[in-house]
Engineer: 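Got a structure for you, questions after.
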Amino acid sequence: MELNPFQKDALAEFGNIGAAHAATTLSQMLMSPIEMTVPEVLAIDIADLHNHISNEISAMVVFQIQGEVADGGYVVVSMPRETVIQLTNQMLGTTDTDREINEMDQSAAIEIGNIMISAFLDATAELLGIVMLPSPPALAIDMAHAAFESIVAQVAGDVNDVLIFNTELTSEAPPVYGSIYMLPNAELTQQLFLMLERMMEPLS
Amino acid sequence: MENNFFGEETAIILGLGELRVGKCPMGTIGLGSCIALILHDQRRSLAGLAHIMLPESRGVTDRPGKFADTAMCALLEEMVELGSTKSSITAIVVGGASMFEFSANSLNIGERNAAVVKELLQEQGIRIEHEETGGKIGRSVYYWPEGKGRLIIKRADGTCIAL
């Protein structure tokens, strides 16, 4: 799958709207400003995935895209361990950062993922004029690449490349860092292209 | 990403769905539900590694390494071409973890992957020398085909085994 610059821009804008909404909800939750990067859109060959997804131990909260596009792919919030601990501390008012991940952290990661991804899908679905809903979340705290493999296995059974939207969110206080990924399946990818084409048609 | 994670610079890191037969060190980084299938011929210091993503190809053949059935055929074929006989080949199977909690759905494909790979090995009459499958943990695998072969599995919790 080759993306032309035009498609890339349009898809980035699409991701931008979703990520901006997710960042806003996170910012409200933490009561602190959140910085976000301009979303990167990449068509990655599956054999190349390990050059894009790190092997750092991360918490990955994964949602399947449901609604009008059945099994439309996955959206993922990925945060390094330290960020999860920071976020739990922030929400519970505790300060210990030098500890292992516990059940409370798992719940916090899932809850934060839930809120962010709901905002992400709401905003992007509105743009598409369709309904997209997140499935109940699944969580893995492990090598990011290892968790990603399982997701890619679900969307790339028949194709050899995946479309990945990636936005990074950061905040200074508390020091948190996270990424949002969206991996549409082949069908939703086609739908995205169609929609973008329509949007680019001159008004008549 | 760094791909000389065991301090070995000549390593070939195989991505999702790739396979390779040769005498050089090979590895995969961050195995989740996927399987690293290693076939080893001690007599020839030759090994093949496939980074398998799904159990069945259902007729898709453009990336043999991606599926258990096509990967098995491709590895064996290539090794036999290089002089190996089936009876001198042993296997190592690593991976097939179920990474996600709170998930009853298809994300946990690992178990099925491992089961199919082992079935296929049995069909071919290939002995499994070492197996580490299942669980909930990511793994990186590294293999040196020379002589008896040397295997390192590095798990996400930081533990390592070397054989």
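Throughout, protein chains are lettered first and strands after them, A, B, ... in sequence-line order, and every chain is numbered starting at 1.
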Engineer: So for Arg139(B), is it side chain, backbone, both, or neither that comes closer than 4.5 Å to the heavy atoms of chain A?
Structural biologist: backbone
Engineer: Within a reach of under 6.0 Å around CD of Glu35(A), are more than 12 heavy atoms found that belong to other residues, nucleotides or ligands?
Structural biologist: no
Engineer: Working to the nearest 0.5 angstrom, can you tell me the gap between Met143(A) CE and Ile137(B) CD1?
Structural biologist: 7.5 Å
Engineer: Roughly how far apart are Asn160(A) CG and Met53(B) CE, rounded to 0.5 Å?
Structural biologist: 8.0 Å
Engineer: For chain A, find which of Gly32(B), Gly30(B), Gly138(B) contributes the most heavy-atom pairs closer than 4.5 angstrom.
Structural biologist: Gly30(B)
Engineer: Kindly check if the number of other-residue, nucleotide or ligand heavy atoms within 6.0 Å of CE (Met91(A)) is above 12?
Structural biologist: yes
Engineer: Can you confirm whether Glu56(B) is buried at CD, in the sense that more than 12 heavy atoms of other residues, nucleotides or ligands lie under 6.0 Å from that atom?
Structural biologist: yes
Engineer: Measure Asp62(B) against the heavy atoms of chain A and call it side chain, backbone, both or neither at under 4.5 Å.
Structural biologist: side chain
Engineer: Run His51(B) and Glu149(A) through side-chain contact (heavy atoms from CB on, under 4.5 Å) and show every step you take.
Structural biologist: CA-CA 11 Å; His51(B) 189 162; Glu149(A) 280 195 337; 2.4 Å; yes
Engineer: Would one find more than 12 heavy atoms of other residues, nucleotides or ligands at under 6.0 Å from atom CD of Gln124(B)?
Structural biologist: yes
Engineer: Does any heavy atom of chain A fall under 4.5 Å from the side chain of Lys66(B), the backbone, both, or neither of them?
Structural biologist: side chain
Engineer: If you compare all heavy atoms of Ile57(A) against all heavy atoms of Ala156(B), which two are closest, and at what distance to 0.1 Å?
Structural biologist: CD1-O, 3.2 Å
Engineer: Test salt bridge (charged side-chain N to carboxylate O under 4.0 Å, His left out) on Asp45(A) and Arg63(B) and set out the steps.
Structural biologist: CA-CA 12 Å; Asp45(A) 189 289; Arg63(B) 294 255 175 131; 2.6 Å; yes
Engineer: Out of Ala47(A), Ala144(A), Ala147(A), which one racks up the most heavy-atom pairs below 4.5 Å with chain B?
Structural biologist: Ala47(A)
Engineer: Passes side-chain contact (heavy atoms from CB on, under 4.5 Å), Ile151(A) versus Phe100(B)? Steps please.
Structural biologist: CA-CA 10 Å; Ile151(A) 304 166; Phe100(B) 288 95; 4.2 Å; yes
Engineer: I need the Ser33(B) OG to Gln154(A) CD distance, nearest 0.5 Å.
Structural biologist: 7.5 Å
Engineer: Give the minimum heavy-atom separation between Ile46(A) and Leu16(B), together with the two atoms involved.
Structural biologist: O-CB, 3.3 Å
Engineer: Would you find a donor on one side and an acceptor on the other, under 3.5 Å apart, between the side chain of His145(A) and the backbone of Leu31(B)?
Structural biologist: no
Engineer: Return yes when atom NZ of Lys23(B) has more than 12 non-hydrogen atoms of other residues, nucleotides or ligands closer than 6.0 Å, and no otherwise.
Structural biologist: yes
Engineer: Would you say CZ of Arg99(A) has more than 12 non-hydrogen atoms from neighbouring residues, nucleotides or ligands within 6.0 angstrom?
Structural biologist: yes
Engineer: Taking atom CZ as the centre, does Arg20(B) end up with more than 12 heavy-atom neighbours from other residues, nucleotides or ligands that are less than 6.0 angstrom away?
Structural biologist: no
